[in-house]
Undergrad: 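First the structure, which I've put down as structure tokens, then a few questions once you've had a look.
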Number of protein chains: 2
Amino acid sequence: MESRITIGQLAKATDTKAVTIRYYESAGLVSPVTRTEGGYRLYTDRERDRLIFIKRARLLGLSLEDVKSLLGLADDENAPCGQVDSIIHEQLERVRSRLKDLQQLERELDRLEQCCQADTVADCKIIESLSQ
Amino acid sequence: MESRITIGQLAKATDTKAVTIRYYESAGLVSPVTRTEGGYRLYTDRERDRLIFIKRARLLGLSLEDVKSLLGLADDENAPCGQVDSIIHEQLERVRSRLKDLQQLERELDRLEQCCQADTVADCKIIESLSQ
DNA sequence: ATGAAGGTTCTAGCCGCTATAGGGTCAAGC
DNA sequence: GCTTGACCCTATAGCGGCTAGAACCTTCAT
């Protein structure tokens, strides 16, 4: 017999805020199986698993749109795996591109930080560098 | 004699969109020196320099709030340089922290990408890994 | 029956823009 | 002087992924 839990219990079980769960619902990612007469959302283990899935995927930096696609694919055992691969692959490319940008930024900020030994803005090489 | 330019000319000169310049104005970063009778914004070299400053600072990933602080400091020759340093330093720390996160993400995504040789979702290790 | 804890919807805000609508202004050519 | 077309104006809404708040309703233990 499956137990039904409220949004607060689901939130606790998945370390996700209740508002966020409702937001995911509005984005079409996860819905309650039913509601109480008073309108409280009720969930089962299936939704808990789904939320854990979402959480993991979000930790990989995937957009909610990508997560939604993955959930759709996961629901269909016969779906071709290629689409899953390409979502992951594209994310990897985005991450690598962002890494490059950030490494460049780090170098630049590090250089800037080194170069200022002044007391006042008048002699500050950082301000000078930004003003060129 | 200083020449006055319109927002479009300023936009071209600084490679910033006119809408963005107006947005910066609403955020208190840069204002026109005056307006035409018809209400057109007019700028001088000073504003052009200010926009170039903003652009450079934004390329370092600084928030508009930080840029605003830097502009304020840059305006005062006698301001102590320490505040400038700390804005840069904190940004460097943020960048380094983000770099760590992204490197972790890259490893994880790379691992995921390697591990799936399946045809369908039923055997897909990626989906499995996300579902645990 | 009551009160606390938790639930509901709706709206607005965050950042840094971008897009759209519906208008007004400017300078040049006729 | 008039028209044209490029440019400008304000105001509003949207993006993503939440978060916060108001005003109200439900549930459950006592």
Undergrad: Could you work out how much the helix from dA1(C)-dT30(D) to dC30(C)-dG1(D) bends, comparing the axis of its first five pairs with that of its last five, to 10°?
TA: 30°

Undergrad: Please tell me whether Gln114(B) and Arg111(B) have a donor and an acceptor in their side chains that are separated by less than 3.5 angstrom.
TA: no

Undergrad: Go through the structure and list residues passing side chain to side chain contact (heavy atoms under 4.5 Å, CB included) with Arg96(A), not counting sequence neighbours.
TA: Leu92(A), Glu93(A), Glu106(B), Asp110(B)

Undergrad: Over how many whole Å does the gap from Lys12(A) atom NZ to dA5(C) atom P extend?
TA: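 Roughly 12 Å, once rounded to whole Å.
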
Undergrad: If you take any heavy atom closer than 4.0 Å to DNA chain C, which residues from residues 38-75 of chain A end up in contact?
TA: Gly39(A), Tyr40(A), Arg41(A)

Undergrad: With no hydrogens and no angle check, do the side chains of Gln104(B) and Arg107(B) hold a donor and an acceptor under 3.5 Å apart?
TA: yes

Undergrad: Below 4.5 Å, heavy atoms only, C-beta onward: do Leu64(B) and Arg58(B) meet side chain to side chain?
TA: yes

Undergrad: Decide yes or no for Cys116(B) and Cys81(A): does some side-chain heavy atom of the first lie under 4.5 Å from some side-chain heavy atom of the second?
TA: yes

Undergrad: Any heavy-atom pair between the side chains of Ile21(A) and Tyr43(A) that's under 4.5 Å?
TA: yes

Undergrad: Going from CD1 on Ile126(B) to CD on Glu128(B), what distance comes out if it is rounded to the nearest 0.5 angstrom?
TA: 11.0 Å

Undergrad: Counting only heavy atoms and a strict 4.0 angstrom limit, can you tell me which residues of residues 18-33 of chain A come near DNA chain D?
TA: Thr20(A), Tyr23(A), Tyr24(A)

Undergrad: Do you know which two heavy atoms are closest between Cys124(B) and Val84(A), and how far apart they sit?
TA: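 Of all heavy-atom pairs spanning Cys124(B) and Val84(A), the closest is SG-CG1, 4.0 Å.
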
Undergrad: Could you measure the distance from the CZ atom of Arg48(B) to the OG1 atom of Thr14(B)? Nearest 0.5 Å is fine.
TA: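 Those atoms lie 9.5 Å apart.
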
Undergrad: Please check if any side-chain donor atom of Glu47(A) sits under 3.5 Å from a side-chain acceptor atom of Thr44(A), or the reverse.
TA: yes

Undergrad: In Å and rounded to the nearest 0.5 Å, what is the CZ to CG distance from Arg56(A) to Leu70(A)?
TA: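 Rounded to the nearest 0.5 Å, the CZ-CG separation comes to 13.5 Å.
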
Undergrad: Return the CD to CG distance between Glu90(A) and Leu109(B), rounded to the nearest 0.5 Å.
TA: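 The CG atom of Leu109(B) is 12.0 Å from CD of Glu90(A), to the nearest 0.5 Å.
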
Undergrad: Between P on dT8(C) and CZ on Arg35(A), what's the gap in Å once rounded to a whole number?
TA: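 Rounded to whole Å, this separation is 6 Å.
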
Undergrad: According to side chain to side chain contact (heavy atoms under 4.5 Å, CB included), who are the partners of Tyr40(B), at least two apart in sequence or on a separate chain?
TA: Thr36(B)

Undergrad: Name the first nucleotide and the last nucleotide along DNA chain D (5' to 3') that come under 4.0 Å of a heavy atom in chain A.
TA: dG17(D) to dT27(D)

